[in-house]
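First the structure, in the form of structure tokens, and then the observations on it.
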Amino acid sequence: MLTDDDWQPLRDAVSSFAERWRAYVEQPWYESDPAYAVSELARHLVDEAAAGRTGELPAFFAALDDLLAAASDELYDLATIALLEDIVY
């Protein structure tokens, strides 16, 4: 089973997400379930791009590329199906 540590490199690549992530995990209802948690990063990336703040996208996609290159099937699905589909939709 995946944990939030498995997709930490993606969060690290988007420093503007740090405060939003901290607030998210401090919620009393928070449970470490990456399948749901990655959607918070997806929403952040969409919000940043919509506001014209795209400077962190190259670092994010480089981190995503590195993550996918060595990912287990479960982590690959998390990054592609959960995260990227949330960004698109």
What are the two closest heavy atoms between [X] and [Y], and how far apart are they?
X	Y	result
Ala82	Ala35	CB-O, 4.3 Å
Phe60	Leu41	CE1-CD2, 4.1 Å
Tyr24	Trp29	CE1-CH2, 3.6 Å
Gly55	Pro58	O-CD, 3.5 Å
Ala71	Tyr76	CB-N, 3.8 Å
Ala13	Ala59	CB-O, 3.5 Å

Inset, instruction - Flag the pair Glu48 / Ser16 as yes when at least one side-chain heavy-atom distance between them is below 4.5 Å, and no otherwise. - result: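 A side-chain contact exists here, since the closest heavy-atom pair is under 4.5 Å.
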
Inset, instruction - Would you indicate whether the side-chain heavy atoms of Arg20 and Asp47 approach each other to under 4.5 Å? - result: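 A side-chain contact under 4.5 Å exists here.
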
Legend entry - Option among Asp77, Leu10, Leu78 that satisfies the side chain to side chain contact (heavy atoms under 4.5 Å, CB included) test with Leu83: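 Going through Asp77, Leu10, Leu78 one by one, the side chain to side chain contact (heavy atoms under 4.5 Å, CB included) with Leu83 is satisfied by Leu10 alone.
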
Inset, instruction - Run through Thr80, Leu68, Leu2 and flag the one making a side chain to side chain contact (heavy atoms under 4.5 Å, CB included) with Leu75. - result: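 Testing Leu75 for a side chain to side chain contact (heavy atoms under 4.5 Å, CB included) against Thr80, Leu68, Leu2 leaves exactly one candidate, Leu2.
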
Legend entry - Crowding at CD, Glu31 (>12 non-hydrogen neighbours, <6.0 Å):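 Result for CD/Glu31: open.
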
Inset, instruction - Look only at the side chain of Glu40 and the backbone of Trp21, and say whether a donor-acceptor pair between them is shorter than 3.5 Å. - result: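 No; zero donor-acceptor contacts below 3.5 Å.
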
Inset, instruction - Using modelled atom types only, decide if a donor and an acceptor are shared between the side chain of Thr54 and the backbone of Leu57 within a distance under 3.5 Å. - result: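 No: the side chain of Thr54 does not pair with the backbone of Leu57.
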
Legend entry - Interatomic spacing from CD in Glu56 to NE2 in His44 - rounded to 0.5 Å: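 Glu56 atom CD to His44 atom NE2 measures 6.0 Å (nearest 0.5 Å).
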
Legend entry - Same apolar cluster (I L V M F W Y, side chains within < 4.5 Å links), Val14/Tyr36: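 No; tracing contacts between hydrophobic side chains, which count when under 4.5 Å, never links both residues.
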
